[in-house]
Amino acid sequence: MAPWRIRATMDEIHVARRYAGHPTIFSVRLHHGGQFTKFPGRKYIKGKQNYVDLLDIDTFSIHDIDEMMEELGHIDSDETLLYYHFLRPFGDLDFGLFALGSDQDVHHLGTYVANHKVIDVYIEHGKTNLHTYSMSPNPSKVKIVEIKEPPACSKQLFLEWNDSPIEHESVPDLTEVENDSHLDKEPSLVDHIEFEMNVENEDDYDGSGHNNGSGNDEFDDDSESEDSDFFIDEDNLIHDVDVDMKDFHMNIDKDVEWVGGSSESNVPEDTQQGDLEVINTEVLLSGSSSDEANDGKRRKTIRAIHRAYENDAALVSEPFYIFQTFSSSKDFKTQVKLHSIRTRREIQLEKNDKNRVRFVCKGTIPNLATNEEEKCPWVIYCSKWKRDIDWMVKTYTKEHRCLQTRKVKACDYKFLSEHIVQVIETNPKIPIRALREQLQREYQMDISHMKTFRAKQQALKHVQGDYASQYRLLRDYVLEVQARNPDTTVKIDVESEANPTVETRTFRRIYVCIGALKRGFAAGRRDFLGLDGAFVKGPYPGQVLSAVALDGNNGIYPLAYAVVESETLNSWTWFLSNLGDDLGLGTNSNFTFMSDRQKGLLPAIATLFPCAEHRYCLRHIHDNMKKNWRGKVFKDLLWECATTSNVQHFHQAMEKLKKLNNDAYEWLKQIPPQSWARSHFTAFNSKIEDGRDAPIINCIEFIREYIMKKIVKVDKEIQKVVGPLTPTATTILDNIKSKAEQYVATFCGAGKYQVAGPWQDQCIVDVGQQSCTCKRWELTGIPCKHGVAAIWDMGRNDKDVGIPESFVHPCYWLSSWKEMYSFKVSPINGRSMWEKSAIPTTLLPPKHRVPIGRPKKKRTISIVEKEDFVRGNTASRAHRSVTCTKCNNVGHNARTCKGQRPIVGGGGGQSQVKGKGKGKATT
């Protein structure tokens, strides 16, 4: 019984550990029942795999493989033909296969067993299309004879070693070599591939184990199998893992032969003395073939040589090699440019015309002893025939002897911009200094600050698009948004053109209102809109006008936005007119608008919506007030005036302000009290600040994407909420309930209650009308503390009355909040998939209006920011005016006082009068 065993699977790591102390024991991974595909990229397909363990190389022979094949059912008679091959460890099926048909082949296999415990053996059935039996380890002549019953070798092949020429049907006649000088060197990889590519019927092999050819070598130009310029399916490329082979030689026996031959000391004497027939490439490349068959052989051999040079270059990671082809001279120049940057050598273009390109290295080799310099030998030459398309490398000297430099002309800002696109796309606001340091570490070159700045600007232009070019694509973007978001309104306004036949129009403004936002606003049931504007940065400045609403949780719900030339009466009227059409607002609509006191906005609202109520943002009123009256006392009194819910309390708060400062009272009295409001909408402008300095499409798309993400994010928060009301409404009502505990309600009939509490607070509540004389129930839509006390009293006497939550306005219901955010903004495709607009005219960017004077680099700081300015851990005194304790004048302190005339009674803002002399001022 044989000591070995056939298994279906095997743990190779366990085998390696198990055989570690036995240098002659090994296992075989047996590939059988399949066939090889064509060269190059050869594979073994349609086969099975088994493992055979406990093999000893000292007793192993070909008969053992025969017995394995018989046990696996592949040998059923003496006429069965099988061909055995083994794969060199870490080799591939193109160049790593060797014959396994004799005792010498087994000895060759044994040289790998000591360091590699699993050997791959491949079986061919019926006929072989490989050349491995002709490339045996003993390089003398081989005569292959098929026999049936060999006495001491395989049942399939018998190799008779002699000095006669090669005799085999699959080996064609080769051109004789004129001399024997090639025997003094090692067989090269090129010779290896030339031999294989000239094997007859190699291209006729269909991968099924049979030959489809007729036995001749006719070359067919239309044959796809013989065309090396095949198309590559990029979507189905196989991406294999990278294997680190740097330390591979440490685990290899020095006496092991590599593909193409071994060291000269290991070549047998028969090789050094015999005559080895090889291909004469000069005859093949000369083109002096007499018939079509020889011409086909010559062309196939040329392609094989090209592949050999390419494989040689790949093995040593060379960027160029002889016969390398490029689709154009531009591609070739780009590769040379990359090589110049990677190697940090100054490579210069020496010749450049329609058919020839030549690069040389301008580096020098200094001689410190003689102070002389020697030129670098590196050179590359690429050319093409006039009727050809591809460019081919004809001359290449790959050796660089010059010193590396830190200044390479090819490393310009255009090259850097192409390689920092991903960095800029991830972090557009990366500082120039940080980007410069990163590039210098990566390329090990001196890169200037200005070059880095230009590279970043070029990369930003590539990521965001050019400011001017995006106006030409604006209509395509609009079609994409409207196609993906039904019922979306987008209007583009252009400058009037005197000549209607002109094919261009100048952009003026654009308005956007997405259909999902219209439906969401209607579901929110809150007739409240906030209007505001913000500056647009960039080479074409303007204003972003926005209209936002409030949801049931007092969150901002964006509704519509526009990019206009400036905040004027005309632009606000155009924006509000479009907004009214989308929301169905008329002249008699009872809406509430909130905004700042912008002059163009006030008459626009009064003209379009005369019945609507207009409220001013309290923050803007406070900012204007702080210019003359500062301090927490004025702020608290202003807040008390604005938060009162009835006229009596308002007048009481105003009287307090009058007693404190009559001038402040008179200034605040000029603002209509019915226009005050507590809320403001500057939060939305701060969210879109990053998009306001982008080109027009990026700016609009930034707002759309912000709204799209915001709706999804709020919807996720809604799913976590339980209860009848929104979280904000629930919190407000809970606070009201705690205060209502101190109030007593007395029923007066007809659904009315008299509710009294501490501090002589007594009001009349009408539960049926949901009103209270304190006016808070009508203003907020949430029952006030008086109303809650009345509702509780009704509950104690009437079982049918609901809980206080049922008296809250529907806009605060959780169901309304969910419905409002159930309408999602749909995503859009990328620019390459946008539909082209059918409008014949082309949009041009707006005319750049340069304002008078030098443009400001810093924005105007508000009074609030000046007072809240913090430096380090202390409050800064920057932007604050000081008062002199000597003269009571503003603008200097006592230490720097120049003797100005003191102002009796103090007070800032009066004119300063300088004294005539130095020293203390006199009265």
| said: For Glu503 and Thr841: C-alpha separation, side-chain torsions, deciding distance, then whether side-chain contact (heavy atoms from CB on, under 4.5 Å) applies. | reply: CA-CA 5 Å; Glu503 297 181 355; Thr841 58; 5.6 Å; no

| field | Closest approach of Leu349 to Phe359 (non-hydrogen atoms, all atoms of both residues) | value | CD1-CZ, 3.4 Å

| Does some side-chain heavy atom of His339 sit less than 4.5 Å from a side-chain heavy atom of His400? | yes

| If you count the non-hydrogen atoms of other residues, nucleotides and ligands that lie under 6.0 Å from CD in Glu437, is the total more than 12? | yes

| note | Heavy-atom nearest pair, Ile447 first then Lys451, reads CG2-CD, 4.0 Å

| From Leu439 CG over to Ile420 CD1, what is the distance, rounded to the nearest 0.5 angstrom? | 6.0 Å

| field | Side-chain H-bond candidate by donor/acceptor type, Gln458 with Tyr413, under 3.5 Å | value | no

| remark: Here the gap from Leu130 atom CG to Arg42 atom CZ, rounded to the nearest 0.5 Å, amounts to 5.0 Å

| message | Measuring from atom CD1 of Ile839 to atom CG of Asp476, what distance do you get when rounded to the nearest 0.5 angstrom? | response | 9.5 Å

| Rounded distance (nearest 0.5 Å) linking atom CD of Glu705 with atom CD1 of Ile828 | 8.5 Å

| task | Flag the pair Leu474 / Ile700 as yes when at least one side-chain heavy-atom distance between them is below 4.5 Å, and no otherwise. | result | yes

| Does some side-chain heavy atom of Arg345 sit less than 4.5 Å from a side-chain heavy atom of Gln404? | yes

| Can you find a pair of side-chain heavy atoms, one from Phe36 and one from His85, that are under 4.5 Å apart? | yes

| message | I need the minimum non-hydrogen distance between Cys402 and Cys361, along with the two atoms involved. | response | SG-SG, 3.5 Å

| request: Report the C-alpha distance between Tyr381 and Phe320 in whole Å, list the side-chain angles of each, state the deciding distance to 0.1 Å, and finish with yes or no for ring pair (Phe, Tyr, Trp, His ring centres under 6.0 Å). | output: CA-CA 11 Å; Tyr381 173 76; Phe320 305 103; over 10 Å; no

| request: Taking atom CZ of Arg454 as the centre, report whether more than 12 heavy atoms of other residues, nucleotides or ligands fall under 6.0 Å from it. | output: no

| task | May I have the step-by-step check of side-chain contact (heavy atoms from CB on, under 4.5 Å) for His449 and Arg436, ending in yes or no? | result | CA-CA 7 Å; His449 181 87; Arg436 179 189 177 189; 4.2 Å; yes

| Side-chain donor or acceptor of Thr842 paired with backbone N/O of Arg472 under 3.5 Å | no

| query | How far apart are the closest heavy atoms of Glu350 and Val360, and which atoms are they? | reply | OE1-CG1, 3.6 Å

| Derivation of the ring pair (Phe, Tyr, Trp, His ring centres under 6.0 Å) call for Tyr122 and His31 | CA-CA 5 Å; Tyr122 292 84; His31 305 267; 4.2 Å; yes

| field | Crowding at CZ, Arg342 (>12 non-hydrogen neighbours, <6.0 Å) | value | no

| request: Determine, step by step, whether His462 and Ile424 satisfy the side-chain contact (heavy atoms from CB on, under 4.5 Å) criterion, reporting the C-alpha distance in whole Å, the side-chain angles of both residues, the deciding distance to 0.1 Å, and the verdict. | output: CA-CA 10 Å; His462 176 79; Ile424 300 300; over 6 Å; no

| note | What one should report as the nearest heavy-atom pair of Gln444 and Arg344 is OE1-NH2, 3.1 Å

| field | Approximate separation, where rounding is to 0.5 Å, of Gln35 CD and Glu124 CD | value | 9.5 Å

| Do Asn355 and Ser383 have side chains that get closer than 4.5 Å, going by heavy atoms? | no

| task | Assess whether atom NZ of Lys394 is packed by more than 12 heavy atoms of other residues, nucleotides or ligands within 6.0 Å. | result | yes

| query | Are Phe415 and Tyr443 close enough that their ring centres sit under 6.0 Å apart? | reply | yes

| said: side-chain contact (heavy atoms from CB on, under 4.5 Å), that's the test. Do Arg475 and Leu479 meet it? Break it down for me. | reply: CA-CA 6 Å; Arg475 290 195 177 107; Leu479 292 178; 5.7 Å; no

| task | Classify the side-chain pair Gln470/Asn698 by whether it contains a donor and acceptor separated by less than 3.5 Å. | result | yes

| query | For Arg401, does its backbone N or O pair with a side-chain atom of Trp378 as donor and acceptor, under 3.5 Å? | reply | no

| field | Note, Thr452 side chain near Leu416 side chain (heavy atom, < 4.5 Å) | value | no

| What pair of heavy atoms forms the shortest contact from Asp353 to Trp391, and how long is it? | O-CH2, 4.0 Å

| Side-chain heavy atoms of Phe453 within contact of Leu435, under 4.5 Å | no

| Does Val408 reach the side chain of Glu346, with side-chain heavy atoms less than 4.5 Å apart? | yes

| query | Does Lys407 offer a backbone N or O that forms a donor-acceptor pair with the side chain of Thr405 under 3.5 Å? | reply | yes

| message | Could you check whether any side-chain N or O of Glu480 sits under 3.5 Å from a backbone N or O of Asn829, counting only pairs where one atom can act as donor and the other as acceptor? | response | yes

| task | Quick one: pull up CZ in Arg356 and OG in Ser329 and give me the separation to the nearest 0.5 Å. | result | 13.0 Å

| Test of ring centre spacing under 6.0 Å for Tyr540 and Tyr471 | yes

| request: Under the salt bridge (charged side-chain N to carboxylate O under 4.0 Å, His left out) rule, what do Glu418 and Lys414 come out as? Steps first, then yes or no, please. | output: CA-CA 6 Å; Glu418 296 174 358; Lys414 295 182 180 178; over 6 Å; no

